[in-house]
Every structure is written in C-alpha cells, then in structure tokens.
Amino acid sequence: MSDRRRNPAPVLTALTAVAALVAVLVPAMPGAYARDGARVVAERRAEGRIVDLTVRSPELGRDAEVRLLTPDGWQRRGPKDRWPVLYLFPGGDGDHRTWTEEYGIQEDPELRGTLVVMPGMPLFGFCTDWFNQGRGGPPAVEGFHLREMMPLLERDYGAGTRRAAAGESQGGFCAVSYAARHPGLFRAVASHSGFVHPLQHPRAVRAGATYLGLDWRAIWGDPAAHRANWRAHDPFYLAERLRGTSVHLASGDGTAGALDPPGTPPDPHIPGLEDPARPFPEDVLSPTEAVMEEESRTLAARLKAAGVAVTTHFYAGTHAPPYWRRELHRSLPLLLQALDGPPGRGCRA
C-alpha cells in the first residue's frame, strides 16, 4: 500500500472515512451502469498536457477517474493517429493524480512522445476482480482497467497497442500481475516496492485490508480454501507467462536510506506474516518495505529460472515516495525502449 507520509495512520484513517462517505453518496448501481456500458462522461484539461477523464464503469459500479499525460501533437490527432502508451498504476490509495502531483512527470522531456495513462482504483483495490465470497461483481478493478478503460482509450484517445506499465507499491503488483495474466499485453513492466508475491505473505494482505476496515477475504477469498484464485493472480505462479516481457523489480530493505529524513526509524518488523491465522497488532500497518523486498527477490529468482528477462535494484530505504520517484526514472529507459516508438505526432503504435 502506498504511504505518502512517514506517519501514514492519519492519512489512511482519512482515506477510509472518505471511502465510506463516497460509498454512501455514490451507491453501486451495476444494473444501471451495465445497460449503458462504459463511457467517458466528463473530460477536463487540468493543466498543460494533462487531461482528466471521468469514466462511468459498470465493472466498478461507479464512476472512476483516469488522468492522461498527452504527447506532443495529441490535440491535433487524426482518427488513425496512435501513440505508444505507458500505463502508471497507483499504490493502495488508488489516487490517479499521484504521478503528476507527487512526482511531476509532466516535466520529464523523455515522455513528450508517449501517451501516459494514470488510472485510478478503489482503495486497496489490488487490480483484481474481487472474489466477494464467490459472488463476484463490483469492484471488478481488472475489468475496469483492461476491459473498459483500455479499449476506450484505444478507440477515442490515440492509445496504441505498444504498451509498457509500471507502478508503485500495490501498483507494482498491478503492472506485473496484469502482464503475467495477459501475456503480450505489455512489452515491459516495472515494479517499485511492489506487492509482487501475495501468497508468500497472505497475512500482509489481511493486515493492510483490516487496518482500512475492509474484508481481506473479499479480494481473492481465503488463501487456503481459495488458493487457486490467489495463485491465478500471483506473478510467482505465472512466471513462464512473462517470457517475452522485460521485467524490472526494485525495492528497499526497510531501513533508513539516502532519501529518508535524518532520524527515520526502520519500517516495523512484523513477525509471522506468512501465517494468516496468527494474531497481529491492530495498530501496525503492514506491509513493510522489508516484505516488499523479500517478495521481489523471491519473484526475481523465479523469473530468472523461468527464462524471463528480469533486472533488479535493491537498496537501503523505506516504503516512501522519494524512492518511487527515483526508481521510476531508473526504469524509464527500459520501459520506453520496449515501446520502440519514435517521438512526435501520430506514431502508428
């Protein structure tokens, strides 16, 4: 989950309250939404090359936000003009504005020839069509991202089929899991402190969801009784399906590093994360960066054994945005080279 401050508890408490308020003010209406199908109901130019879309999503049963960083020439696009696309997935807070407001990617000159898509996601959504005790239904986050948003952008907004993806924290899981579940969807993916092997630490899913007042078993079910569903979303068990996709995994070790303020304590150690039945302290937020590193190292070894092109960067550091900004810049050459599209207007991607 994405932590935006050194003390995340007040922020996450506020997010939980906002999520509850939104649920009251905007109730899920899957029937009404499904009759109309997914569609863009609002389009706003935020600033410069940034465009915000509101998508009415039957898969989510609610409206969802998508932020675009448009390439040079996009405003003058013709019906056949297409650009290569970099999808950037948010952390557990699901905020589609993170990449521009926190990291200022609109100032990066290397992105002027690429359409950058930053979709939102429900709180702790895990880029998954939720299990919901076997009932399915909203929120179908994967359905929104891949079955609704992506076709809309490719039809009406100049998005091509040369795609790469990256994400921070929970968004790192999104990029790698989507690529593994849908081989060929992305040419390259990067995970920055990603939750990339959930079955290695199912208790961390429980801890994070419970902290936010969510039913952790609603995501994939119980890790024992519904293990097949967990495996179907866990990149570790889908490693062979990532052959042909370049994968980059980065994570800190949970100790204070170069980008942490002086005096920053290490991320809390929570023993027994692999055991979902073990009690845990309710006031401790998990996962920690040490968990992300362990999962990333385990997945990297599995990918190498499966013949997947994988690179890694492990470092001293905590679960914090300054590292994700740095790691995005480290992985951009890999991602953009995979897109292999010339800069400028109307690249036939």
Side-chain angles (χ1 to χ4, degrees), residues 1-9 11-12 89-93 124 126 166-177 190-212 216 219 223 230 234-237 247-304 310-328 330-331:
M1 185 161 59
S2 174
D3 300 339
R4 303 248 168 256
R5 293 165 177 81
R6 295 312 311 153
N7 178 12
V11 178
L12 292 169
F89 295 104
D93 58 8
F124 215 67
F126 257 112
E168 60 170 42
S169 191
Q170 202 172 109
F173 166 83
C174 298
V176 181
S177 181
S191 165
H192 311 132
S193 302
F195 208 138
V196 290
H197 185 9
L199 261 174
Q200 187 171 14
H201 298 111
R203 184 170 174 266
V205 178
R206 174 192 176 197
T210 302
Y211 187 94
L212 294 170
W216 69 286
I219 303 171
W230 282 70
D234 191 324
F236 180 86
Y237 298 97
V247 180
H248 179 73
L249 304 174
S251 180
D253 62 3
T255 65
L259 302 183
D260 289 293
T264 298
D267 285 339
H269 172 67
I270 305 175
L273 282 171
E274 70 285 350
D275 180 6
R278 181 171 177 171
F280 61 94
E282 297 291 346
D283 61 340
V284 174
L285 176 63
S286 176
T288 68
E289 188 70 359
V291 171
M292 305 300 97
E293 183 193 37
E294 184 177 348
E295 294 191 4
S296 295
R297 287 185 181 275
T298 302
L299 177 60
R302 177 73 182 89
L303 293 176
K304 290 175 182 177
V310 58
T311 57
T312 60
H313 181 223
F314 298 112
Y315 51 87
T318 58
H319 200 69
Y323 294 102
W324 303 330
R325 167 67 170 165
R326 183 189 71 184
E327 293 307 309
L328 175 62
R330 287 182 63 98
S331 61

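One is the number of the first residue; the rest follow in order along the sequence. Since we're looking at a predicted model, the values are computed, not measured. Computed over heavy atoms, backbone and side chain alike; hydrogens, waters and symmetry mates excluded.
- Shown here are the ring pair (Phe, Tyr, Trp, His ring centres under 6.0 Å) partners of Phe173, two or more places apart in sequence or in another chain: Phe126, Trp220.
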Item to complete: Decide side-chain contact (heavy atoms from CB on, under 4.5 Å) for Val310 and Leu299; before the verdict, give the C-alpha distance in whole Å, the side-chain angles of both, and the deciding distance to 0.1 Å.
Response: CA-CA 10 Å; Val310 58; Leu299 177 60; over 6 Å; no
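- To the nearest 0.5 Å, atom OG1 of residue Thr312 and atom CD of residue Glu293 are 10.0 Å apart.
- Distance alone, capped at 3.5 Å, places no donor-acceptor pair between the Ser177 side chain and the Cys174 backbone.
- Side-chain atoms of Ile219 and Val205, non-hydrogen and from C-beta on, do get closer than 4.5 Å to each other.
- Looking at heavy atoms from C-beta onward, His192 lies out of side-chain contact with Arg330 at the 4.5 angstrom threshold.
- A cation-pi arrangement, defined by a distance under 6.0 Å to the six-membered ring centre and an angle within 45 degrees of its axis, is present between Arg326 and Tyr315.
- Of the inter-residue distances, the one linking Arg297 atom CZ with Asp253 atom CG reads 8.5 Å to the nearest 0.5 angstrom.
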Worksheet entry | Full working for ring-ring contact (aromatic ring centres under 6.0 Å, His included) between His197 and Trp230 | CA-CA 10 Å; His197 185 9; Trp230 282 70; over 10 Å; no
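- For Phe314, the ring pair (Phe, Tyr, Trp, His ring centres under 6.0 Å) criterion is met by no residue, not counting sequence neighbours.
- Judged by distance alone, the side chains of Ser193 and Glu289 do bring a donor and an acceptor atom under 3.5 Å apart.
- Within the 4.5 Å cutoff, the side chain of Arg206 has no heavy atoms near those of the Tyr211 side chain.
- For Ser296 against Ala250, the heavy-atom pair with the smallest separation is OG-O, 4.4 Å.
- Side-chain contact between Phe236 and Val196: absent, with no pair of heavy atoms (C-beta onward) separated by less than 4.5 Å.
- Here the OG1-CG distance, from Thr311 to Leu249, works out to 7.5 Å after rounding to the nearest 0.5 Å.
- The two residues Gly91 and Ser169 have their closest heavy-atom pair at CA-CB, 4.3 Å.
- Formation of a donor-acceptor pair under 3.5 Å by the Thr210 side chain with backbone atoms of Ala207 is not found in this model.
- A side-chain donor-acceptor contact under 3.5 Å links Asp234 to the backbone of Leu199.
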Practice prompt. Assess whether side-chain contact (heavy atoms from CB on, under 4.5 Å) is satisfied between Glu168 and Arg325, documenting all intermediate values.
Written response: CA-CA 9 Å; Glu168 60 170 42; Arg325 167 67 170 165; over 6 Å; no
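- For the residue pair Ser191 / His248, no side-chain donor-acceptor distance below 3.5 Å is found, with atom types taken as modelled.
- Closest approach of Ala175 to Ala190, counting heavy atoms only: CB-O, 4.0 Å.
- In plain terms, the two heavy atoms of Ala204 and Phe195 that are nearest each other are CB-CZ, 3.6 Å.
- Between Tyr323 and Asp260 the shortest side-chain heavy-atom distance falls below 4.5 Å.
- Between Pro202 and Gln200 the shortest heavy-atom distance is CD-C, 3.6 Å.
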Worksheet item: Can you check side-chain contact (heavy atoms from CB on, under 4.5 Å) on Trp216 and Arg203, steps first, answer last?
Response: CA-CA 9 Å; Trp216 69 286; Arg203 184 170 174 266; over 6 Å; no
